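The structure appears below as structure tokens.
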Amino acid sequence: MKYCNEIKQVLFSAEQIRERVCRMAEQISADYKGKRPLVIGVLKGAWVFVADLLREMDIPADVDFICASSYGSGTTTSGTVTLLKDITLDCRKRDVLIVEDIIDSGVTLSLLKQMMLDRKAKSVNIVTLLSKPSRRKADVDVKYVGFEIPDEFVVGYGMDYDERFRTFADIGILK
Ligand code: IMP
Ligand code: MG
């Protein structure tokens, strides 16, 4: 297994992730039937999730990416969010779905959601593969959650520690 010397425990295997992503895609497709949402993936962590989720959805969707960072190179939040790359599509009057890899404090997502509402999106909902509810600081309503996890730093399936492990197919806890 790639990176196996550095992973303490696999939390979700690639197969378990695929199952859950398929169920989430079904749910979102049903909720957005007849619509064409604008999906905004939050880089870099959500890149794998966005690709898998959107290909499983059976409704059309437009896709764009935003890059926001509330982390330096460590594992603790800095409390502020820096916008490193904005979307290029217009979100006015669109049904926006913000797609994240993981919600920790919720600071990033609450600010991004407000930003899209300020830009006059018709609706804004949040999709996250993982959530650490015990770490929440910002009050943010998350409509779709893949898995709730304990307060551990996880990597893989797009998520990194200092830019490493993004290409690990499972999701694991670092040693
Ligand atoms: P928040 O603003 O504190 O919710 O930060 C969320 C962002 O921090 C996520 O989009 C991730 O990029 C990053 N993050 C939070 N927890 C983890 C983790 O356990 N592993 C990898 N990245 C994480
Ligand atoms: Mg992220």
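Treat the numbers as computed from the prediction; the structure is a model and nothing was measured. Just follow the structure's listing: the first ligand is 1, and inside any ligand the first atom is 1.
Formation of a donor-acceptor pair under 3.5 Å by the Thr128 side chain with backbone atoms of Ser131 is not found in this model. The backbone N or O of Lys122 lies less than 3.5 Å from no partner atom in the side chain of Arg92, so there is not a single donor-acceptor pair.
Each of the following atoms of ligand 1 lies closer than 4.0 Å to a heavy atom of Thr108: 1 (P), 2 (O), 5 (O), 6 (C). Listed by number with element, the atoms of ligand 1 under 4.0 angstrom from any heavy atom of Glu100 are 9 (C), 10 (O). In summary, the atoms of ligand 1 found under 4.0 Å from a heavy atom of Glu152, numbered by their order in the structure, are 19 (O). Residue contact check: Ser105 has heavy atoms under 4.0 Å from atoms 1 (P), 2 (O), 3 (O), 4 (O) of ligand 1.
We find the CG-NZ distance between Asp151 and Lys132 to be 6.0 Å, quoted to the nearest 0.5 Å.
At least one heavy atom of Ile102 lies less than 4.0 angstrom from ligand 1. The closest approach between Gly45 and ligand 1 stays at or above 4.0 Å for every heavy atom of the residue. At least one heavy atom of Lys132 sits less than 4.0 Å from an atom of ligand 1. Contact analysis puts Asp101 in contact with ligand 1, with a non-hydrogen atom separation below 4.0 angstrom.
At a heavy-atom distance under 4.0 Å, no atom of Lys137 approaches ligand 1.
For Gly106, a nitrogen or oxygen atom sits less than 3.5 Å from a nitrogen or oxygen atom of ligand 1, counting backbone and side chain alike. In terms of polar-atom proximity, defined here as any N/O pair under 3.5 Å, Val154 does make such a contact with ligand 1. Considering backbone and side-chain atoms alike, Asp160 places every N or O at 3.5 Å or more from each N or O of ligand 1.
The side chain to side chain contact (heavy atoms under 4.5 Å, CB included) test applied to Asn125 returns Tyr32, Leu97, Lys143, not counting sequence neighbours.
For Lys85, the NZ atom counts as densely surrounded, since its 6.0 Å shell holds more than 12 non-hydrogen atoms of other residues, nucleotides or ligands.
Between Glu56 and Arg18, none of the side-chain N atoms (NZ, or NE/NH1/NH2) sits under 4.0 Å from a carboxylate O, so this pair counts as no salt bridge. Salt-bridge formation is not detected for the pair Lys44/Asp160: no Lys NZ or Arg NE/NH1/NH2 atom is positioned less than 4.0 Å from an Asp or Glu carboxylate oxygen.
Each ring-ring contact (aromatic ring centres under 6.0 Å, His included) pair with one or both residues in residues 126-149, not counting sequence neighbours, appears once here: Phe12-Phe147.
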